[in-house]
Amino acid sequence: MGLHEQLEELKEKSLHEISHADHLKKLDAVRVNILGKKGPLTEILRGMKDIPKADRPKVGELSNRVRDNITEAIEKRRSELEKAITEKKLADEEIDVTLPGKPVSQGQPHVIQQIIDNIEDLFLGMGYQVIQGPEVETDKYNFEMLNLPKDHPARDMQDTFYITDEILMRSQTSPVQARTMEKHDFSKGPLKMISPGVVYRRDTDDATHSHQFHQVEGLVIDKHITMGDLKGTLETLAKELFGDRFEVRLRPSYFPFTEPSVEADVTCFNCMGKGCSVCKHTGWIEVLGAGMVHPNVLKMAGVDPEVYGGFAFGLGPDRFAMLRYGVDDIRNFYLNDVRFLTQFSKKG
Ligand code: 2U9
């Protein structure tokens, strides 16, 4: 058989193999087989030396055409196979838009955090800063700086988790205020802050006690701050948090870090002041403690009590939440049972 016929036959055979290659790897193998160095095309071309010189250009031209035809056929087949792969992929991934959706359950802030968020929003709106601090504290900032020296009987008021003699789990958020007051540059203006956070006490957990709970404390230090400013601030807090019809009354009390000290009651939300079992028939519910910052506390933070003064208050969001939602066991807030927590979902 002449080179001419061999080339024609190779072309036919190759085109057949190419059209029957049913995936890309096979097609590639076919390509290497036919067009490779050891392939039949190279082999046929080697035979060129045995034909008359005059015939060589024609055979050369034909062999080029055969090579081009084969290459073209391979490329065509490759794009057909690639297209089929893409089509199969798309068919496999087809989404049935008529299927019902799977519900996505969305989380929400913990009920205590919701209350803290409300309080933060209110005070941020009145120009206060929200400042957080360490939960592991030193004796100095948790007690000493708050007018509770080592031998002070009021230290017995709260049992504390000590880590060493000097390091402890904070029993109040007041150390955050002490640290901030110490750093504050009063020539630049007053200090107005609240410090929300978790505090720790060595209590045995029961329905009304938890060894871990939350506090939000507030502090304002400036020239000419009076108890009237304190009462006005607490009234704004009560009305914003509970509603316009709520009143605040102050009763004398004692805290080592404030003098004078007060306890603040708000109108009972249950009977609106008429007297009921929730407020033990007084018409009032105790919600926070407060007072004018003790001169010793100011002095220890490097603030001159002759020039500056201020008020401070402390409240417990856990107690707020218990009163507001009628929760009778504080431990519910820390068990994190979703059946309990989702009852406070704002999304319903
Ligand atoms: C500085 C000076 C004074 C913060 C205050 C209270 C009164 C208070 C408790 C109420 C219930 C916290 O949640 S609770 O356990 N707090 O009664 N806290 S005055 O006084 C400060 C704080 C910081 C530097």
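The chain is numbered in sequence order, starting from 1. Because only heavy atoms are used, hydrogens play no part in the values below, and waters and symmetry mates are left out as well, while side chains stay in. For clarity, every value in this text was computed on a predicted model and none was experimentally measured. Counting starts at 1 for both ligands and their atoms, in listed order.
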Atom 12 (C) of ligand 1: of Gln215, Gln177, Arg319, Glu286, the nearest heavy atom sits on Gln215

From atom 18 (N) of ligand 1, work out which of Gly314, Ser261, Ala178, Ala312 has a heavy atom at the shortest distance.
Gly314

Basic-acidic side-chain contact under 4.0 Å: Glu61, Lys58:
no

Given Leu146, Leu315, Ile221, Leu191, which has its nearest heavy atom closest to atom 2 (C) of ligand 1?
Leu146

Is the ring pair Tyr334/His214 parallel, tilted or perpendicular, if the boundaries are 30 and 60 degrees?
parallel

Electrostatic pair Asp203-Arg201, nearest N-O below 4.0 angstrom
no

Side chain proximity check, Ser174 to Leu146, heavy atoms < 4.5 angstrom
yes

Tell me, please: is Asp318 in heavy-atom contact with ligand 1, that is, under 4.0 Å?
no

Asp92: which residues meet the salt bridge (charged side-chain N to carboxylate O under 4.0 Å, His left out) condition with it, sequence neighbours left out?
Lys88

Among all protein non-hydrogen atoms, which one is nearest to atom 4 (C) of ligand 1, and what is the separation to 0.1 Å?
Glu217 OE2, 3.6 Å

Of the side chain and backbone of Met145, name the one, both, or neither that has a heavy atom under 4.0 Å from an atom of ligand 1.
neither

Check each of Ser171, Ser195, Gly289 against atom 8 (C) of ligand 1 and report the one with the nearest heavy atom.
Gly289

